[in-house]
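First the proteins, then the strands, lettered A, B, ... as listed; each starts at 1.
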Amino acid sequence: MRVSHLLIPTLREDPGEAEVVSHRLMLRAGLIRKVAAGIYTYLPLGLRVIRKIETIIREEMTRAGAQELLMPIASPAELWRETGRWDYYGKELLRFKDRHERDFCLGPTHEEVITDLIRREVRSYRQLPLNCYQIQTKFRDEIRPRFGLMRGREFIMKDAYSFDVDEEAARVSYQKMYDAYQRIFTRCGLTFRAVEADTGLIGGTSSHEFMVLAETGEETIVYTEEGTYAANVERAEVLPPVRVSDEPQRPLQKVSTPGMKTIVDVTGFLKTTPDRLVKTLLYKTPKEVVAVLVRGDHELNEIKLRSLLDVTDLEMADPETVIACTGAPVGFAGPVGLRGVRIVADQAVAALRNVIVGANEADAHYVDANLDRDFNIDLAGDLRKAEAGDPSPRGDGTLKVARGIETGHVFMLGTKYSVTMKATFLDPQGRERLAVMGCYGIGVGRTAAAAIEQNHDQKGIIWPLPIAPFHVHLLPLGPSPKVVEASQRLYEELTGAAIEVLWDDRDERAGVKFNDADLIGTPYHLVIGEKGLAQGTVEVKERRTGTSTKLPPDQVLTHLRQALEAIRAS
RNA sequence: CGGGGCGUAGCGCAGCCCGGUAGCGCACUCGCUUGGGGUGCGAGAGGUCGGCCGUUCAAAUCGGCUCGCCCCGACCA
């Protein structure tokens with residue numbers, strides 16, 4: 001295609017609104033334009049990338065036995081009320097009324113709609129297993145959309161839903177999707193890792209996230225070098241302490257700690273280390289306030305606390321509540337003598353002896369407090385965040401930490417939706433059974449953004465070939481008729497051979513064309529200049545390495561074919 | 001929603017403290033020039049200074065309200 005015929009509004013300067021590399025480069029290279037917060041138009045170049053990713057997804061979904069359909073974006077409230085998610089989903093669900101005052105929403109995900117379809121159409125075990133997917137626009141009214149396509153409110157998602165006769169069959173379906181995702185992200189040219197994950201609002205029994213590794217990723221993952229374990233920190237399990245302290249118990253003692261409110265203050269003041277201290281955090285759930293005990297050097301994982309308490313709403317107590325419950329200002333809460341609230345503790349706390357805790361009065365702490373003697377715990381469990389250096393919860397090795405971008409997520413749903421929506425079928429014995437479900441998402445735009453995060457340099461994007469908007473950027477330099485003529489010939493020859501060529505036919509200076517080409521980031525640049533032609537050569541330049549090869553025009557096709565094949569194969 | 005910041009030409013910004021003619025660079029149009037890493041010169045076009053209300057002889061500038069956007073935290077493909 002000719003640049004002069006395409007809308008490719010490249011920007012010379014960084015747009016002020018973009019902070020993150022992929023967002024900046026998508027705007028600068030003319031891939032997207034913002035319409036409102038988290039809502040974007042895909043320009044021709046951006047759309048080509050999206051389509052390439054979609055094609056890879058379609059091929060792999062088909063190969064995995066899934067079939068494509070397309071559900072509506074708007075869906076009626078009744079379906080969502082059936083599963084309870086009309087209330088549960090919160091403000092992220094964009095709701096509206098039609099002209100008859102009926103409640104509708106824009107689909108943030110489609111479990112309700114697909115389950116409604118399947119319960120109507122599937123009556124027999126003979127029709128299972130079934131895996132349906134779509135590539136469609138989703139709308140989630142995110143609290144804070146950011147980073148361009150990385151977290152939009154409106155975004156393109158591939159979502160698949162599997163229905164099986166039982167758990168075992170569902171695990172097979174899940175594994176097929178897991179494998180398909182491995183192939184999809186590999187084919188997109190990404191470096192990624194599948195990790196165990198929390199199931200969040202979607203629910204279900206277990207899940208894996210596919211994380212594209214990037215420093216700018218919003219997620220933190222932990223993993224072992226040995227590959228025995230990888231998980232989102234939100235989810236990562238922590239083993240119980242291997243041994244309980246055998247220190248003899250010393251008598252409880254109250255000490256004055258004027259103005260010492262933080263771990264750093266207290267440990268500095270008492271000349272000790274954070275692991276000798278137990279911090280007491282007060283949390284509010286809709287029905288109660290709880291005190292949470294965590295070792296001083298550990299960090300509480302709120303998701304674990306949420307599931308231990310079996311609540312979805314959880315927030316740190318405000319200062320007034322802290323005073324009301326402990327009788328002391330924030331910074332001096334402790335379990336000793338604490339009445340009227342449940343005390344839950346991380347498992348590591350139980351292994352400690354002679355710890356420092358707040359005394360529930362201003363400017364005072366207890367030292368040498370001991371569990372069972374000085375205070376009690378109502379509930380204990382794994383509550384802290386995993387951190388680098390922790391032993392792997394599975395087998396050998398210690399955990400390392402990395403950042404990632406969640407581009408895909410697969411869930412074993414179990415019967416969560418089939419129960420509430422009565423999606424049943426008859427088994428061979430004529431008994432009514434619940435379909436066992438799975439669901440599987442890929443953020444298409446986010447995958448494109450992740451690819452840029454992983455593949456760029458100072459000058460711009462460096463697309464992995466399989467998702468590049470074009471294979472070759474044809475750059476004729478100068479207005480010479482010979483150059484124009486040679487370009488035209490090469491363009492036709494390459495295009496005829498199914499190589500996708502972006503032809504910069506603008507009357508622009510060499511520098512402008514080079515800079516735009518580097519910014520747009522097609523894998524190969526084909527440079528045609530008067531000087532080269534005089535020597536009977538043109539130049540093929542690899543965007544990633546910058547290496548260029550001079551060769552006669554009639555060898556370009558063969559050369560590029562080989563180069564493109566080589567990348568495809570790698 | 002809490003914290004921080006920003007709205008001035010298509011883009012990037014200055015002007016605002018200290019009220020008085022709206023400015024710079026890029027992009028755009030025309031002419032010449034140049035032609036292998038964002039040519040040079042000249043001439044132009046383009047702005048309700050986010051919106052509303054107020055203070056004032058006078059508001060981009062001061063005050064209040066409001067809308068939008070960006071960044072940091074709780075949600076997620």
Side-chain angles (χ1 to χ4, degrees), chain A residues 9-20 23-24 27-28 30 33-39 53 57 89-93 108-110 135-160 181 185 197-202 207 209-212 218-219 232 234 302-303 306 312-316 318 405-411 439-450 459 475-480 483 507-519 525 527-534 538-539 541 546 548:
Chain A
T10 54
L11 302 175
R12 197 175 274 222
E13 287 159 294
D14 276 335
E17 67 182 57
E19 205 82 350
V20 168
H23 188 195
R24 247 176 25 223
L27 288 167
R28 279 196 59 198
R33 283 293 181 267
K34 187 177 67 182
V35 176
I39 299 177
I53 296 170
I57 292 174
Y89 218 103
K91 289 191 175 166
E92 231 174 276
L93 187 65
T109 176
H110 280 68
I135 296 176
Q136 187 226 26
T137 297
K138 296 279 184 278
F139 198 99
R140 293 182 188 172
D141 202 357
E142 292 277 347
I143 293 165
R144 186 152 88 85
R146 56 180 152 179
F147 306 152
L149 295 195
M150 201 84 96
R151 176 186 300 276
R153 290 195 291 172
E154 187 178 301
F155 59 98
I156 298 172
M157 175 166 137
K158 186 286 299 179
D159 46 325
Y181 275 40
F185 294 119
D198 188 66
T199 53
L201 276 183
I202 306 289
S207 78
E209 288 167 334
F210 287 76
M211 296 286 193
V212 171
E218 293 187 89
E219 303 294 330
N232 191 316
E234 289 179 350
E302 291 190 6
I303 290 168
R306 231 170 262 194
T312 53
D313 279 341
L314 185 73
E315 55 179 355
M316 284 205 84
D318 48 273
I405 300 163
E406 182 196 353
T407 52
H409 202 159
V410 295
F411 296 83
C439 73
Y440 318 92
I442 291 178
V444 178
R446 186 182 279 184
T447 301
K459 295 173 178 173
L475 302 165
L477 306 182
S480 149
V483 170
D507 180 18
E508 287 287 358
R509 319 263 322 170
V512 173
K513 292 189 179 185
F514 284 138
N515 283 317
D516 271 352
D518 287 338
L519 182 59
H525 297 169
V527 183
I528 299 173
E530 209 170 349
K531 289 176 193 168
L533 285 182
V538 298
E539 233 173 286
K541 189 171 170 188
S548 82

Nearest-angstrom distance, C1' atom, B:rC18 to B:rA74: 43 Å
Residue of the set A:V483, A:L533, A:V527 for which side chain to side chain contact (heavy atoms under 4.5 Å, CB included) holds with A:V538: A:L533
Check nucleotides 25-27 of chain B against the protein and report each pair of N or O atoms closer than 3.5 Å, with its distance, or say if there are none.
unit_1 : atom_1 : unit_2 : atom_2 : d
B:rG25 : N2     : A:E13  : OE1    : 3.2
B:rA27 : OP1    : A:R12  : NH2    : 3.3

Which residues share a side chain to side chain contact (heavy atoms under 4.5 Å, CB included) with A:K91, sequence neighbours left out: none
Those residues that, when tested against A:K138, pass side chain to side chain contact (heavy atoms under 4.5 Å, CB included) (two or more places apart):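 Residues passing side chain to side chain contact (heavy atoms under 4.5 Å, CB included) with A:K138: A:H110, A:Q134, A:Q136, A:F155, A:M157, A:D159.
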Under 4.0 Å protein heavy-atom contacts per nucleotide of nucleotides 1-10 of chain B, with B for base, S for backbone only and - for none: B---------
Please confirm whether any donor atom in the side chain of [X] sits under 3.5 Å from an acceptor in the base of [N], or the reverse.
{"X": "A:E234", "N": "B:rC76", "answer": "no"}
{"X": "A:K541", "N": "B:rG37", "answer": "yes"}
{"X": "A:D518", "N": "B:rG37", "answer": "yes"}
{"X": "A:E508", "N": "B:rG38", "answer": "no"}

Answer with base, sugar-phosphate or nothing: what part of the nucleic acid does [X] contact at a heavy-atom distance below 4.0 Å?
{"X": "A:G445", "result": "nothing"}
{"X": "A:R306", "result": "sugar-phosphate"}
{"X": "A:G16", "result": "sugar-phosphate"}
{"X": "A:G443", "result": "base"}
{"X": "A:F147", "result": "sugar-phosphate"}
{"X": "A:G148", "result": "nothing"}
{"X": "A:N232", "result": "nothing"}

Shortest side-chain distance from A:R140, nucleotide among B:rC69, B:rU39, B:rA77: B:rA77
Candidates B:rG38, B:rC69, B:rG36 - which lies nearest the side chain of A:F514: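 Of all the options, the side chain of A:F514 is nearest to B:rG36.
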Please tabulate, for side-chain N and O atoms in residues 439-450 of chain A, each donor-acceptor pair with protein atoms closer than 3.5 Å (sequence neighbours left out).
unit_1 : atom_1 : unit_2 : atom_2 : d
A:Y440 : OH     : A:S162 : OG     : 2.7
A:R446 : NE     : A:M150 : O      : 2.7
A:R446 : NH1    : A:E406 : O      : 2.7
A:R446 : NH2    : A:M150 : O      : 3.1
A:T447 : OG1    : A:G443 : O      : 2.6

Identify the pairs formed between an N or O of the protein and an N or O of nucleotides 42-47 of chain B at a distance under 3.5 Å, and give each distance.
none

Between C1' of B:rG36 and CG of A:N515, the distance in whole Å: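 Rounded to the whole Å, the gap is 12 Å.
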